[in-house]
Amino acid sequence: MTVLANEQVIDGKGWRSGATVEKRKLTQWFLRITDYADALIDGLKTLDRWPEKVRTMQENWIGRSKGLKFTFKFDGEAPDGHAAGLDVYTTRPDTLFGASFVGIAPEHPLAEQLAVENPEVQAFIAECRRGGTSEADIEGAEKLGRDTGLRVVHPLDPTRILPVWIANFILMDYGTGAIFACPAHDQRDLDFARKYDLPVLPVVLPPGEDPAAFTIGKEAYVGPGLIYNSQALDGLDIEAAKTETVSRIEALGQGEGATVYRLRDWGVSRQRYWGCPIPVIHCEVCGPLPVPEDQLPVVLPDDVTFDPDKPGNPLVRHPTWKHTTCPGCGGKAERETDTLDTFVDSSWYFARFTDPTADAPIDKTAADHWMPVDQYIGGVEHAVLHLLYARFITRALKDEGLLSVEEPFAGLFTQGMVTHEAYKNAGGEWVEPADVVISVEGNSRSAIHATTGEPITIGDIEKMSKSKKNVVAPEDIFEAYGVDAARLFVMSDSPPERDVQWTNSGVEGSWRFTHRVWNEFDSQPAGPFTHDDADAAALVLRKGVHRLIGFVTDSIEGFRFNSGVARLYEFLNMLKAAPAEGASQGVLAARAEALEILARLISPFTPHLAEEAWARLGKAGMVVDAAWPKADPALAADDERVLPIQINGKRRGEIRVKAGLAEAQVEKIALADAAVMAHLEGLTVRKVIVVKDRIVNIVAN
RNA sequence: GGGGACAUGGCGGAAUGGUAGACGCGCCGGACUUAAAAUCCGUUGGAGCAAUCCGUGUGGGUUCGAGUCCCACUGUCCCUACCA
């Protein structure tokens with residue numbers, strides 16, 4: 001803990017709606033995830049079995065940017081405590097000569113210091129804070145600013161003096177909370193400059209523009225070009241000018257190239273009962289101390305009360321739990337009553353799971369054997385929180401010698417959600433699907449309420465949620481169709497990374513499939529039967545089922561369950577075409593073989609049916625314990641191919657040839673085909689492209 | 001504003017650069033039934049009697065061949081956001 005945590009004191013400033021939050025000293029515990037920012041970005045490259053999307057989201061979330069951190073010296077007397085100057089950060093050092101003012105965040109210490117002496121500044125800062133951080137209206141939010149009266153000196157041109165403004169669009173949390181503004185090449189700076197009539201000086205000339213004529217209107221120019229109006233930087237491209245500016249500032253000793261991250265340290269303190277206690281004891285004499293190891297884990301009390309009239313953490317109100325003795329001086333002390341963010345727990349549970357009975361939190365031998373997790377499956381909503389925290393904690397645990405891997409999850413699959421249409425009545429209230437009757441007329445659908453008959457509006461297809469009542473109770477589905485049919489439908493309807501639209505007619509299709517499958521098992525007489533590969537119908541069936549094994553196996557391993565299910569449907573149709581009734585010995589033998597394989601292939605999709613079918617075949621044990629079937633390569637192989645013949649890219653016929661037939665032979669057969677010859681009449685064959693076992697294309701004119 | 005993904009019949013969706021629409025749903029037709037439900041069989045991208053033609057959001061390009069690759073555009077969804 002001491003390795004990972006630091007301490008910050010928040011004194012109530014920065015809280016919104018301060019009226020409801022009691023002003024008090026809080027000890028907030030943070031985990032220093034920012035120490036791992038580089039490692040977490042660089043490690044993404046090794047996660048080749050993660051979706052590109054999630055890796056991009058994490059990279060953006062960490063938000064590494066390279067730039068320049070430097071100091072503006074004040075012109076004239078510096079404010080108290082700011083003799084060194086004002087630190088700013090930029091990713092566009094190349095535009096330094098386009099600077100027309102310096103901006104600081106309303107929460108910047110300098111701004112707050114000025115507010116103490118100046119009521120107008122104080123009022124302005126208060127106004128900024130009021131003007132919602134409420135995300136939605138940030139888009140159109142008006143730029144607000146106030147000149148502080150302070151002036152700073154341009155570091156590369158001491159003759160230029162820039163005003164310092166407090167501006168509401170500058171974030172205290174990012175960089176240094178202060179910027180230099182270059183309105184010509186930054187839209188926010190431009191909006192601000194236009195409003196307060198500040199200079200706009202372009203320093204990047206777009207290709208093909210005349211330097212004498214180029215001006216900035218309402219849009220900042222952020223594209224490529226050559227630097228001008230910038231003294232020694234003139235003529236350089238943007239990248240070269242960045243490098244040059246950084247080295248000039250560094251030579252002056254006024255700053256240096258710096259990497260800044262959007263990622264913040266992870267505040268893990270929660271004022272809640274439900275979470276692991278933060279193992280710290282506060283002593284008035286010794287300060288905060290970690291709970292000694294032999295007293296771990298700190299266990300939550302069982303007898304807390306949740307009083308709706310007293311919001312907040314019940315641990316604070318518990319009569320005895322927090323009182324303890326200081327591990328340092330032995331005096332009276334209090335336990336930390338904050339608990340850990342539950343994301344802390346989900347950041348290492350997988351390591352614990354490798355030996356859940358071990359005395360230590362993680363048994364390293366077991367963890368070394370099982371970690372990393374081969375395949376992790378979850379919703380994409382965890383892309384930047386859980387999945388980033390788990391990567392961070394895993395690296396931290398490795399650095400502590402508790403794990404050997406850096407990355408917890410070798411493979412990641414993000415599955416979709418089950419969705420359903422949402423319905424509203426005339427009064428605008430949400431209505432459950434169970435209460436809605438849909439009628440279809442041609443291509444249009446309409447809905448009425450099942451009991452009242454009032455018209456219902458059919459809304460969008462959305463993720464099932466209680467608030468919109470677009471949920472179908474699983475119990476009702478299981479009752480009507482059984483769990484197997486429900487499971488099969490969810491797996492067969494859409495690829496698993498995509499959302500599944502729940503439809504009753506869809507699940508009925510799956511339900512029918514389970515019945516048809518059972519009919520095939522039920523109608524099969526007891527054996528034994530003798531294989532007869534001379535029996536054409538029997539051979540077709542045997543080839544079919546041995547090819548099916550490969551299809552289904554591949555579809556499961558490749559997360560293409562819907563395609564696998566489609567192949568099972570296909571094969572069932574083949575099986576139905578060779579019914580047991582009146583079948584030959586050969587067909588009965590082939591059917592018996594097919595059913596035995598089929599029971600195992602359907603077990604991941606319809607496990608209960610598979611067990612029932614397995615028992616019906618008289619097999620011992622459970623199908624779930626049976627080995628996955630292996631295809632006989634001789635039977636699975638395709639010995640004949642139907643090749644389409646294209647003429648100038650259009651399909652004009654097909655030929656049936658042996659698999660693997662030499663190209664010259666195929667060409668000969670193709671050119672001799674009657675349909676092909678008819679189409680070639682009057683044309684000269686220029687070229688014949690034969691793709692072995694796939695297609696023939698004849699180029700002719 | 002930034003980033004990403006996607007776009008295929010009435011619907012969900014198939015398709016290592018090689019027969020577009022597998023499989024399912026729905027619709028339509030038929031069998032069974034006194035009738036209905038269930039079940040079974042069959043048809044089903046569009047136009048056309050047919051040969052055939054046209055078809056994967058729009059416009060270009062690469063290729064013998066493009067749903068698939070490249071460029072531009074349009075639309076939808078997701079993430080993120082005054083991040084300097």
Side-chain angles (χ1 to χ4, degrees), chain A residues 51-61 63-65 67-68 88-93 95 103 105 133 135 138-143 167-171 173-182 185-189 191-192 220 222 260-263 380-381 383-384 440-445 461 488-489 492-495 497-510 512-513 515-516 519 560 562-573 576 642-654 678 686-700:
Chain A
E52 184 68 43
K53 181 167 84 168
V54 174
R55 286 186 286 166
T56 306
M57 284 166 74
Q58 290 210 352
E59 196 169 338
N60 291 342
W61 187 261
R64 177 165 62 191
S65 69
L68 171 66
V88 301
Y89 174 75
T90 182
T91 55
R92 291 296 302 272
T95 63
T133 7
E135 292 168 31
I138 281 174
E139 176 82 26
E142 200 184 357
K143 301 271 184 294
N168 67 340
F169 68 93
I170 298 167
L171 302 175
D173 279 348
Y174 186 76
T176 63
I179 61 158
F180 78 80
C182 176
H185 306 292
D186 183 288
Q187 191 60 46
R188 295 154 304 173
D189 298 349
D191 294 344
F192 192 86
V222 294
V260 166
Y261 303 89
R262 207 189 74 104
L263 186 71
V380 75
E381 70 272 17
V384 285
V440 180
E441 217 167 300
N443 294 341
S444 73
R445 299 165 70 238
I461 296 155
L488 179 67
F489 170 63
S492 66
D493 186 63
S494 293
E497 70 274 15
R498 223 178 286 186
D499 291 345
V500 174
Q501 267 179 59
W502 184 268
T503 66
N504 268 5
S505 55
V507 73
E508 272 170 32
S510 300
R512 277 199 281 270
F513 174 79
H515 281 262
R516 289 170 186 168
N519 285 342
R560 294 184 305 271
N562 55 327
S563 296
V565 173
R567 295 298 194 173
L568 288 168
Y569 274 95
E570 234 169 5
F571 182 72
L572 181 68
N573 289 335
K576 277 161 60 92
V642 177
L643 303 187
I645 315 295
Q646 295 184 336
I647 296 172
N648 296 330
K650 298 207 178 219
R651 184 177 180 278
R652 296 301 185 189
E654 59 182 40
R686 301 292 173 191
K687 196 174 173 186
V688 179
I689 295 135
V690 179
V691 182
K692 205 173 205 175
D693 290 342
R694 297 219 70 120
I695 199 168
V696 180
N697 192 17
I698 299 166
V699 185

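Lettering of chains follows the sequences in order, A, B, ..., and the numbering in each one begins at 1.
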Regarding the side chain of A:Asp186, the nearest nucleotide among B:A84, B:C25, B:C41 is B:A84
Taken to the nearest whole Å, CG/A:Asp493 to C1'/B:C11 is 10 Å
Distance below 4.0 Å between A:Arg694 side-chain N/O and B:G65 OP1 or OP2:
no
Distance between the P atoms of B:A22 and B:G46, in whole angstroms?
13 Å
According to a strict under-4.0 Å criterion, is A:Asn562 in side-chain N/O contact with OP1 or OP2 of B:A22?
no
For the side chain of A:Glu508, starting at C-beta, report the closest nucleotide among B:G26, B:C82, B:G13.
B:G26
Rounded to whole Å, CD of A:Gln646 lies from C1' of B:U63 at a distance of 12 Å
Does any N or O donor sit under 3.5 Å from an N or O acceptor when you compare the side chain of A:Lys143 with the base of B:C82?
yes
Rounded C1' spacing from B:C25 to B:A72 in Å
38 Å
Please state how far atom CZ in A:Arg92 lies from atom P in B:G2, giving the value in whole angstrom units.
14 Å
Please measure how far the C1' atom in B:A14 lies from the corresponding atom in B:G3, and state the result in whole Å.
30 Å
Would you say A:Ser494 places a side-chain N or O within less than 4.0 Å of OP1 or OP2 belonging to B:G12?
no
Quick one: is B:G24 close enough that its OP1 or OP2 comes under 4.0 Å of any side-chain N or O from A:Tyr569?
no
Counting heavy atoms from C-beta on, name the nucleotide in B:A84, B:A15, B:U19 closest to the side chain of A:Ser563.
B:A15
Can you tell me, in whole Å, how much space there is between the P of B:G12 and that of B:C70?
25 Å
Using a 4.5 Å cut-off on heavy atoms from C-beta on, say whether the side chain of A:Phe180 contacts that of A:Pro93.
no
When we call it a touch if two heavy atoms are under 4.0 Å apart, what does A:Arg55 touch: a base, just sugar-phosphate, or nothing?
nothing
Roughly how far apart are A:Thr176 OG1 and A:Leu171 CG, rounded to 0.5 Å?
11.5 Å
Take atom P in B:G55 and the same atom in B:U39, then report the distance between them in whole Å.
40 Å
Rounded to whole Å, CG of A:Leu568 lies from P of B:A22 at a distance of 18 Å
Nearest-angstrom distance from the residue atom CD of A:Glu570 to P of B:A14:
14 Å
Identify whether any heavy atom of A:Ile170 sits under 4.0 Å from a base atom; if not, whether one sits that close to sugar-phosphate; answer base, sugar-phosphate or nothing.
base
Between A:Trp61 and A:Val384, which heavy-atom pair has the shortest distance, and what is it?
CB-CG1, 3.7 Å
Would you name the heavy atoms of A:Leu572 and A:Arg516 that are closest together and state the gap between them?
CD2-CB, 3.5 Å
Would you mind telling me which residue lines up with the more 5' stretch of RNA chain B, A:Val691 or A:Thr56, judged by nearest nucleotide?
A:Thr56
Answer for the Watson-Crick or wobble partner of B:U63, both distances under 3.5 Å, is none
What is the glycosidic conformation of B:G26: syn, defined as within 90° of 0, or anti?
anti
If B:G1 has a Watson-Crick or G-U wobble mate with both distances under 3.5 Å, name it; if not, just say none.
B:U80
Just to be sure I understand the rule, does A:Asn697 reach a base, reach only the sugar-phosphate, or reach nothing, if contact means heavy atoms closer than 4.0 Å?
base
Think A:Lys650 has a side-chain N or O under 4.0 angstrom from the OP1 or OP2 of B:U52?
no
Watson-Crick/G-U partner (both atom distances under 3.5 Å) of B:G10
B:C25
Interatomic distance, A:Asp189 atom CG to A:Lys143 atom NZ [nearest 0.5 angstrom]:
9.0 Å
Can you tell me how far P of B:G2 sits from NZ of A:Lys53, to the nearest Å?
20 Å
What is the base-pairing partner of B:A72, counting Watson-Crick and G-U wobble geometry with both distances under 3.5 Å?
B:U58
Between B:C73 and B:A20 - P atom distance, rounded Å
31 Å
If we take the C1' atom in both B:A66 and B:G29, what is their distance in whole Å?
38 Å
I want to check one thing: is the phosphate of B:G26, taken as OP1 and OP2, less than 4.0 Å away from some side-chain N or O of A:Arg512?
yes
Whole-Å gap separating P (B:A81) and CZ (A:Phe169):
19 Å
Using only modelled atom types and a 3.5 angstrom limit, is any donor from either the side chain of A:Arg262 or the base of B:U80 paired with an acceptor on the other?
no
Short side-chain N/O contact from A:Arg567 to OP1 or OP2 of B:A22, under 4.0 Å:
no
Please classify the nucleic acid contact of A:Lys692 as base, sugar-phosphate, or nothing, using heavy-atom distances under 4.0 Å.
nothing
Could you let me know what B:A31 is paired to, Watson-Crick or G-U wobble, both distances under 3.5 Å, or none if it's on its own?
B:U39
Would one find a side-chain N or O of A:Arg516 under 4.0 angstrom from OP1 or OP2 of B:C23?
no
With a non-hydrogen cut-off below 4.0 angstrom, is A:Arg651 in contact with a base, only sugar-phosphate, or nothing?
base
Considering only side-chain heavy atoms of A:Thr90, which listed nucleotide, B:A84, B:U19, B:C53, is closest?
B:A84
Please confirm whether the backbone N or O of A:Ala383 pairs with a side-chain atom of A:Gln58, one donor and one acceptor, at under 3.5 Å?
yes
Where A:Gly67 and A:Tyr89 come nearest, the two heavy atoms and their spacing
N-OH, 3.3 Å
When we call it a touch if two heavy atoms are under 4.0 Å apart, what does A:Gly509 touch: a base, just sugar-phosphate, or nothing?
sugar-phosphate
If we ignore hydrogens and angles and just use 3.5 Å, is the side chain of A:Asn648 paired with the main-chain N or O of A:Ala700 as donor and acceptor?
yes
In whole angstroms, how far is the P atom of B:C83 from the CG atom of A:Asp189?
10 Å
For A:Tyr261 and A:Ile689, take the nucleotide of RNA chain B holding the closest heavy atom to each; which residue's nucleotide lies nearer the 5' end?
A:Ile689
Is a side-chain N or O of A:Asn697 found less than 3.5 angstrom from the main chain of A:Gly649, in a donor-acceptor match?
yes
For atom P, what is the distance between B:A38 and B:G4, given to the nearest Å?
50 Å
